[in-house]
Structure formats: structure tokens, C-alpha cells
Amino acid sequence: MKNRLLPVIFVLAGALAAAEAPLIRVDDPITKPKVEETGALLEIEAKNNENLKGTPTGVLAGLIADRDKHYEWIPSTDTTVVSGGADFLDAQLSPDESVLTILERIGGAGKFNSSRLVFVNLLNEKIIRAITIGERRLTAFDFVPGEAAIIAVQAAQKENEQPDKLLKINIRAGQVTSESSPLKNPVRSVAVNASHCFIVCEKEDFCSMYPTDNLRDSPQKLRTLIPDARVALSPSGRTLLLYGQKRYELFRVSGGTCELLASREFDLGTEPSWGMVADDGNMVVLAAPSGKALLFAGGVVRVLEARSSGIGAYRPSDRKLLLGAEKNDSLSLYTLPASADAEQTVSPGGLRPHTRFRNFRVFFLSTPDENEMILIDRRGNISQLQAKERRWQKKLVFAAPK
């Protein structure tokens with residue numbers, strides 16, 4: 001009797017389990033995560049566009065300009081800021097100063113993202129190309145000198161199981177041409193010279209060096225004593241600066257080797273976000289948001305700014321430094337290392353035409369005998385500034401739609 005009941009018990013158990021399990025239809029589509037569309041990029045077919053107007057042969061702007069399209073752009077909105085603004089994560093000036101490139105986040109902060117790279121020809125003030133990298137969250141990038149290419153940092157996204165890694169992007173083709181192996185930790189900082197890409201990742205005590213011609217190669221590792229380091233290169237790419245809140249290290253870069261030049265301890269009080277080193281390593285500037293900006297030169301440390309905004313730019317030809325300050329969101333001009341006192345200070349938003357959003361990035365132009373700069377604010381406006389003795393001048397290169 002007992003053995004006869006066993007099949008009945010198993011049948012009842014199976015029936016109950018089936019009743020509890022949800023029904024799955026074989027024709028139900030699998031729901032894939034989607035990136036929310038933010039901002040807008042309109043590409044208009046225009047065979048006779050003016051993207052090459054005023055652009056000499058051989059400069060990067062001429063090499064990457066799309067000759068068949070006209071672009072209209074509305075930047076994505078940064079939802080983390082009450083007053084709005086553009087959702088920009090990085091911007092870089094090309095080594096030949098012909099192209100300004102902006103990295104825009106699509107989809108919003110804390111969400112599933114795509115990324116957009118917008119290329120502006122500074123010789124004629126036109127958007128000459130835009131690249132959308134779908135379902136990839138790029139956070140920073142740098143140009144590869146001598147190539148129409150950039151190396152970008154990709155952050156992990158759980159929605160499509162993309163890992164932290166590096167991408168090399170051919171600008172003309174608009175395609176990823178090389179990818180590193182997945183990284184163990186998120187990238188904190190990146191800098192690129194003609195032969196190598198240098199990165200520092202979170203929770204790592206070394207700087208990784210990848211050859212720019214093949215990111216799949218295993219990187220060389222340069223040990224550092226700096227926790228949570230950032231990386232910067234001198235204008236020529238021959239001197240490497242690793243820096244943090246309490247120490248910086250300098251290395252002479254030659255091909256794939258790095259020789260330690262100096263290691264210095266200090267206390268900036270807070271973590272710096274911007275660093276600069278001269279080619280000979282004799283001058284270093286570090287700036288921390290809401291903290292100090294310090295000049296290290298000739299064995300002496302001097303305070304340039306007590307409340308820095310954490311942005312700056314350096315022109316090596318005449319040792320001019322442009323440094324951002326929190327007060328009135330101003331920019332100050334210095335000649336290094338002669339003086340720690342600013343020669344001129346201006347609040348760009350107050351210059352006409354007025355743009356009242358905070359400064360995002362600033363770049364020096366190497367115009368002979370002129371102190372000219374390119375400024376991007378957090379609304380997405382791009383301005384050209386010129387430091388005049390009596391009054392600075394300002395011209396809008398790109399006015400963000402209101």
C-alpha cells in the first residue's frame with residue numbers, strides 16, 4: 001500500500017510546483033534596457049557645407065571634418081544641478097589647437113548611458129563632426145598626438161554588462177578600433193602622449209602604461225606611493241606627473257620607460273583635481289576645488305589661490321598660467337615662476353555677452369603676442385577670451401540653446 005501511494009504523491013507534488021511557477025510564454029519578447037534620449041543632435045545633409053572654411057591643409061580640423069553634413073546640437077541637461085546646465089564629463093583641446101572636443105553624457109546621471117563626442121573647428125567656429133558611442137558610458141578622454149584618434153575611459157554599466165576599460169576611437173571613421181582587456185577597478189585619471197596612455201585606477205598603487213597603437217597589450221606598471229593618485233603630462237609628453245593630496249612624483253618618460261626625477265611631500269588639505277608640470281620638471285602647479293592652488297618651483301612652495309575652483313591651463317612658450325578661483329567664478333593670469341601674484345583677474349560670466357553659468361574647462365591658445373583662451377561653461381557655452389590690459393574681450397564660439 002505504501003509503495004502504491006508514492007507515484008500519486010510525486011504527481012501531486014509536481015502539479016503543485018507547476019501551479020506556483022509563473023507561466024512563461026515562448027513568444028514574449030525579452031525586455032532590454034534602453035538609454036533615455038537626452039539632448040539632441042541633428043545631422044543635415046549638406047554637400048556644400050562650410051566645415052572646412054578657413055582651415056589649412058594638414059591640421060586635425062581639416063582631417064576629421066565631415067564634408068557632407070551640417071550639425072545642430074542641443075546639449076543634454078545635467079539633472080544633478082538645480083539650475084540646470086549641460087551634462088558634460090570632459091573636454092580637450094587638440095594638440096594643434098584646431099579642434100575643441102566635448103564629451104557629453106546621454107541618458108542622465110545614475111542611469112543607463114550612451115556617450116556623445118562633439119568636435120568644434122576653432123578656425124571657423126563650426127561643429128564639424130559628432131560621434132555617438134551607443135550604450136557605452138565614457139567618462140574622460142585624451143587626444144593621441146599625431147593621429148586622428150582619441151583614447152577614452154569607459155566606465156562599467158551593469159545594464160549591458162560592460163566593464164571598465166579603455167577604448168581607442170578613430171575620429172574620421174567614428175568607430176572603436178581597439179579596446180583594452182577589462183580593468184579590475186574604475187579609472188580615476190588618464191593622460192596620453194604619442195606612444196603611451198597612462199592611467200591610474202581606484203584602489204591601485206601603480207600607474208598603468210598602455211601602448212597607444214594596441215590597447216590589448218598588457219600594460220607596464222609604474223609603482224607609486226600616492227594613494228588615490230591622478231596623472232598629468234607636460235606639454236611635450238616627456239615628463240609624467242603623479243599627484244595627490246599629500247605627495248607628487250615626477251618621472252622622465254622615454255619610450256616605454258619612466259625614470260623617477262623627484263618625489264615631494266606636502267599637504268594641500270584636500271584632493272587636487274588639476275595638475276600641471278613644466279617640461280623640465282622645475283615647476284608644478286596643483287589645484288583643488290574649494291581648496292588651495294600651490295606652485296612648486298625652485299624648492300619653494302607658494303600659494304597662488306586660497307579658494308581654487310580646480311581648473312587651469314598652462315602655455316609653455318611664455319610660462320603663462322590661467323587659474324580658476326571660486327570667488328566670482330573668476331580666472332587669474334600669472335607669469336611663472338616670477339610671481340605668485342596674479343597679473344589680471346576677471347569673471348568671464350560678467351563680460352559681454354553675459355553667460356552666468358560656472359566655468360567648466362579652460363584652455364590657452366598659443367597665439368603669438370596675444371593672451372587668448374577658450375572657455376567652456378557648465379551651460380555649454382563656448383567662448384573665446386582675450387586678456388587685454390584695460391578690459392578683457394569675449395566672443396561666443398557656440399551659444400547653448402536656452
Quick one: does [X]'s side chain get under 4.5 Å of [Y]'s, heavy atoms only?
X	Y	answer
Leu166	Gln154	no
Leu323	Tyr334	yes
Thr345	Leu331	no
Asp377	Phe360	no
Leu286	Phe266	yes

Is the shortest distance from a Lys or Arg side-chain nitrogen in [X] or [Y] to a carboxylate oxygen in the other one below 4.0 Å?
X	Y	answer
Glu179	Arg136	yes
Arg188	Glu202	no
Arg361	Asp90	yes
Lys111	Glu36	yes
Arg223	Glu249	no
Glu259	Arg252	no

Kindly compute the distance separating [atom1] ([X]) from [atom2] ([Y]), expressed to the nearest 0.5 Å.
X	Y	atom1	atom2	result
Leu250	Cys258	CG	SG	11.5 Å
Ile64	Arg129	CD1	CZ	7.0 Å
Thr335	Arg315	OG1	CZ	9.0 Å
Cys197	Asp142	SG	CG	8.0 Å
Ile133	Leu167	CD1	CG	7.5 Å
Ser234	Tyr314	OG	OH	9.5 Å

Between the side chains of [X] and [Y], is a donor N or O closer than 3.5 angstrom to an acceptor N or O?
X	Y	answer
Ser263	Arg247	yes
Thr55	Asn121	yes
Tyr71	Asp66	yes

### Task
Please state whether the rings of Phe143 and Phe141 are parallel, tilted or perpendicular, taking 30° and 60° as the class boundaries.
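Perpendicular, since the angle between the ring planes exceeds 60°.
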Give the minimum heavy-atom separation between [X] and [Y], together with the two atoms involved.
X	Y	result
Pro75	Pro401	CD-CD, 4.0 Å
Ala156	Arg137	O-NH1, 3.3 Å
Ile382	Ile376	CG1-CG1, 4.4 Å
Leu396	Glu125	O-OE1, 4.2 Å
Asp87	Gly108	OD2-CA, 4.1 Å
Ala387	Gln344	CB-OE1, 3.8 Å

### Task
Give the intermediate values and the outcome of side chain to side chain contact (heavy atoms under 4.5 Å, CB included) for residues Ile150 and Lys168.
CA-CA 6 Å; Ile150 63 171; Lys168 186 173 184 180; over 6 Å; no
### Query
Checking salt bridge (Lys or Arg N to Asp or Glu O under 4.0 Å) for the pair Arg67/Glu50: CA distance, chi angles, key distance, verdict?
CA-CA 8 Å; Arg67 303 178 184 216; Glu50 296 186 340; over 6 Å; no
### Full working for side chain to side chain contact (heavy atoms under 4.5 Å, CB included) between Leu117 and Ile169
CA-CA 10 Å; Leu117 292 155; Ile169 300 172; 4.1 Å; yes
### Query
With a 6.0 Å cut-off on ring centres, are Tyr248 and Phe296 close enough?
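Between Phe296 and Tyr248, which both carry aromatic rings, the centre distance is below 6.0 Å.
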### Message
If we ignore hydrogens and angles and just use 3.5 Å, is the side chain of Ser189 paired with the main-chain N or O of Arg230 as donor and acceptor?
### Response
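Absent.
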### Query
What do the steps show when you test Val285 against Leu294 for side chain to side chain contact (heavy atoms under 4.5 Å, CB included), and what is the final call?
CA-CA 6 Å; Val285 176; Leu294 300 181; over 6 Å; no
